[in-house]
Amino acid sequence: MKPFTQRVVAIIAGIPPGQVMTYGQIAALAGSPRGARQVVRILHSMSKKYKLPWHRVINGKGKIALPEEESFTVQKMFLEAEGVAVSEAGEVDLAVYQYNVERTLEEHVFVDPQDGE
DNA sequence: ACCCTGACTTGGC
DNA sequence: GGCCAAGCCAGGG
């Protein structure tokens, strides 16, 4: 397995319940800013062989990207079961549910606005 | 090994 | 805001 694939798998596996990540975001974290489609491919093959929270991955518009209504509904249910609000159209509020590593860090690092930058 | 596809993204109308 | 075209590159036939 290629390193990129491993990183993608590791990142997806690390998405906490109740949160989501976009294909592009995952690709960027894995070291390939333009590799969103590779993430898709990896998700396809790996989710079958490994247990990955594939349902926590959505597209950059904040919507479920599944073409098949059947799988679409399944993903919607999975997310709602974790407390994520999903609209009928499959839209998720990224500002609220996106697993943003940097934002997570900010929550733990206190930055004094009066202390320079 | 070559060719095609894809659960995407971005940029231009 | 939406629609179209191109770029991306790992898997599968």
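First the proteins, then the strands, lettered A, B, ... as listed; each starts at 1.
In this structure, the CE atom of Met21(A) is 15 Å from the C1' atom of dT9(B), given to the nearest Å. dG11(C) atom C1' lies 13 Å from atom CZ of Phe4(A), rounded to whole Å. Following rounding to the nearest Å, Ile64(A) (CD1) and dC8(B) (C1') show an atom-to-atom distance of 16 Å. Here the C1' atom of nucleotide dG6(B) and the CH2 atom of Trp54(A) are 17 Å apart, to the nearest Å. Protein atom OH of Tyr23(A) is 12 Å distant from nucleotide atom C1' of dT9(B), rounded to whole Å. Look at CZ on Phe78(A): it is 19 Å from P on dA7(B), rounded to the nearest Å. In this entry the distance linking CG of Leu94(A) with P of dC8(B) reads 14 Å, nearest Å.
The main-chain N or O of Pro67(A) is never found under 3.5 Å from a side-chain atom of Ser71(A) such that the two would form a donor-acceptor pair. Judged purely by atom type and a 3.5 angstrom limit, Glu91(A) has no side-chain atom pairing as donor or acceptor with the backbone of Lys63(A).
Residue Thr5(A) is in sugar-phosphate contact alone, with no base atom involved, counting any heavy-atom pair closer than 4.0 Å across all strands shown.
Put simply, Phe72(A) and Val74(A) are part of the same group of oily side chains (I, L, V, M, F, W, Y) that touch within less than 4.5 Å, one to the next.
Within residues 25-44 of chain A, the residues that have a heavy atom under 4.0 Å from DNA chain C are, in order of number, Arg34(A), Arg37(A), Gln38(A), Arg41(A).
Ring geometry for Phe78(A) versus Trp54(A): interplanar angle over 60°, hence perpendicular rather than tilted (30 to 60°).
With contacts defined as side-chain heavy-atom distances shorter than 4.5 Å, the pair Leu66(A)/Thr73(A) does not qualify. Residues Met21(A) and Ile12(A) form no side-chain contact, since every pair of their non-hydrogen atoms from C-beta on lies 4.5 Å or further apart.
Residues passing the side chain to side chain contact (heavy atoms under 4.5 Å, CB included) test with Pro16(A) are Gln19(A), Tyr99(A), sequence neighbours excluded.
If you take CZ on Arg56(A) and CG on Leu43(A), they are separated by 12.0 Å, rounding to the nearest 0.5 Å. Here the CD1-CD1 distance, from Ile11(A) to Ile26(A), works out to 7.0 Å after rounding to the nearest 0.5 Å.
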Check: How does DNA chain C look in dot-bracket notation if pairs are Watson-Crick or G-U with both distances under 3.5 Å, crossing ones as [ ], other-strand ones as |?
Finding: .||||||.|||||
